[in-house]
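Below you'll find the structure, written out as structure tokens, and then a few comments.
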Amino acid sequence: MNHLRKYYNKKDLPYIAVTAVLGTLNHFLYRLSGYSAFTALFCPINESVWEHTKLLFFPFFFLSVWRYAHRRKSFSAYFYSRFLAVLCGMGFIIAAFYTYTGILGMHFLVADILIFFGSILISHVYASYFYVLLLTSKHTARHIALPSSGNVCILWIAAILLFFIFTCYPPNLPLFYPIF
């Protein structure tokens, strides 16, 4: 874990905090919107683990777009690294929740909140890690192919569409079942 410290940047702290605040607000926005169908696409509509990955995905996505608009980094490397990082964070939410509830046989709100905040940290740290890795790999023997800008956009659009589709038509799988 020490090798990840060089990818952690203190300048990311405000963005980590903003992601946490937006994700927390996102949890209540569907109810506060009067159960708006449009809001349902971006906010959890029930207490399923899948719906709660929206708490990380959409704030992280919108913040990434905002940061890119103000910093103008390499488009493909920036958005591809952010995409990989948010997948890691969402994977952490799913794996950590099912691991601890599988062991304990029940879930605890405090643990769920800690998992959410942990996923934010993981996403931000890995976004920096993947970005540096992608930019420096072309100068090393371990070259990592970077997808084109169009393919990176397709990845983000596909993920967003999956959220929209699975909100409207959730598969009959435990990941999509409300936990209480």
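Note: hydrogens, waters and symmetry copies are ignored here, and every other heavy atom, side chains too, is used.
- Interatomic distance, OG1 of Thr53 versus CD1 of Ile94, reported as 6.0 Å (0.5 Å rounding).
- Proximity of Asn172 to Tyr177: side-chain heavy atoms (C-beta onward) are separated by under 4.5 Å at one or more points.
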query: Can you check side-chain contact (heavy atoms from CB on, under 4.5 Å) on Trp50 and Phe163, steps first, answer last?
result: CA-CA 9 Å; Trp50 172 260; Phe163 272 109; 3.7 Å; yes
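- Taking OG of Ser36 as the start and CZ of Phe42 as the end, the distance is 10.0 Å to the nearest 0.5 Å.
- The heavy-atom pair separating Ala127 from Ala85 by the smallest distance is N-CB, 3.3 Å.
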field: side-chain contact (heavy atoms from CB on, under 4.5 Å) between Ser48 and Ile179, worked out
entry: CA-CA 6 Å; Ser48 71; Ile179 55 175; over 6 Å; no
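- Under the rule for a side chain to side chain contact (heavy atoms under 4.5 Å, CB included), the partners of Ile160 that lie at least two apart in sequence or sit in another chain are Phe57, Phe58, Phe61, Phe164.
- A cation-pi contact, defined as under 6.0 Å to the ring centre and within 45° of the axis, links Arg82 to Phe60.
- Of all heavy-atom pairs between Ala40 and Tyr30, the closest is CB-CE1, 3.5 Å.
- Here the shortest heavy-atom pairing between Leu135 and Ala77 reads CD2-CB, 3.8 Å.
- Every residue two or more places apart in sequence or in another chain that forms a side chain to side chain contact (heavy atoms under 4.5 Å, CB included) with Ile157 is listed here: Leu161.
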task: Applying side-chain contact (heavy atoms from CB on, under 4.5 Å), run through Leu155 and Tyr80 and close with a yes or a no.
output: CA-CA 8 Å; Leu155 287 172; Tyr80 188 54; 3.8 Å; yes
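- For the side-chain hydrogen bond (donor to acceptor under 3.5 Å, both in side chains) with Ser76, the lone residue among Ser149, Ser148, Ser81 that qualifies is Ser149.
- Within the 6.0 Å centre-distance limit, the rings of Phe75 and Phe79 are counted as a close aromatic pair.
- The nearest pair of heavy atoms linking Phe92 to Gly118 is CE2-C, 4.0 Å.
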- request: Would you check, one step at a time, whether the test side-chain contact (heavy atoms from CB on, under 4.5 Å) holds for Ser119 with Phe116?
  value: CA-CA 5 Å; Ser119 73; Phe116 169 62; 4.1 Å; yes
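- Considering SG of Cys168 and CG of Leu41, their distance stands at 5.5 Å, rounded to 0.5 Å.
- Between Tyr68 and the options Tyr78, Phe62, Trp156, Tyr131, a ring pair (Phe, Tyr, Trp, His ring centres under 6.0 Å) holds for only Tyr78.
- With rounding to the nearest 0.5 Å, the separation of CZ in Phe117 from CD1 in Ile122 is 13.5 Å.
- Atom OG1 of residue Thr24 and atom CG of residue Leu55 lie 7.5 Å apart, to the nearest 0.5 angstrom.
- How far OG1 of Thr167 is from CG of Asn46: 8.5 Å, rounded to the nearest 0.5 Å.
- A distance-only check finds no donor-acceptor pair linking the side chain of Lys54 to the backbone of Asn26 [under 3.5 Å].
- Classified by interplanar angle (parallel below 30°, tilted 30° to 60°, perpendicular above 60°), the ring pair Tyr100/Phe97 is perpendicular.
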N/O donor-acceptor pairs under 3.5 Å from side chains in residues 104-111, not counting sequence neighbours:
from, atom 1, to, atom 2, distance (Å)
His107, ND1, Asp112, OD2, 2.8

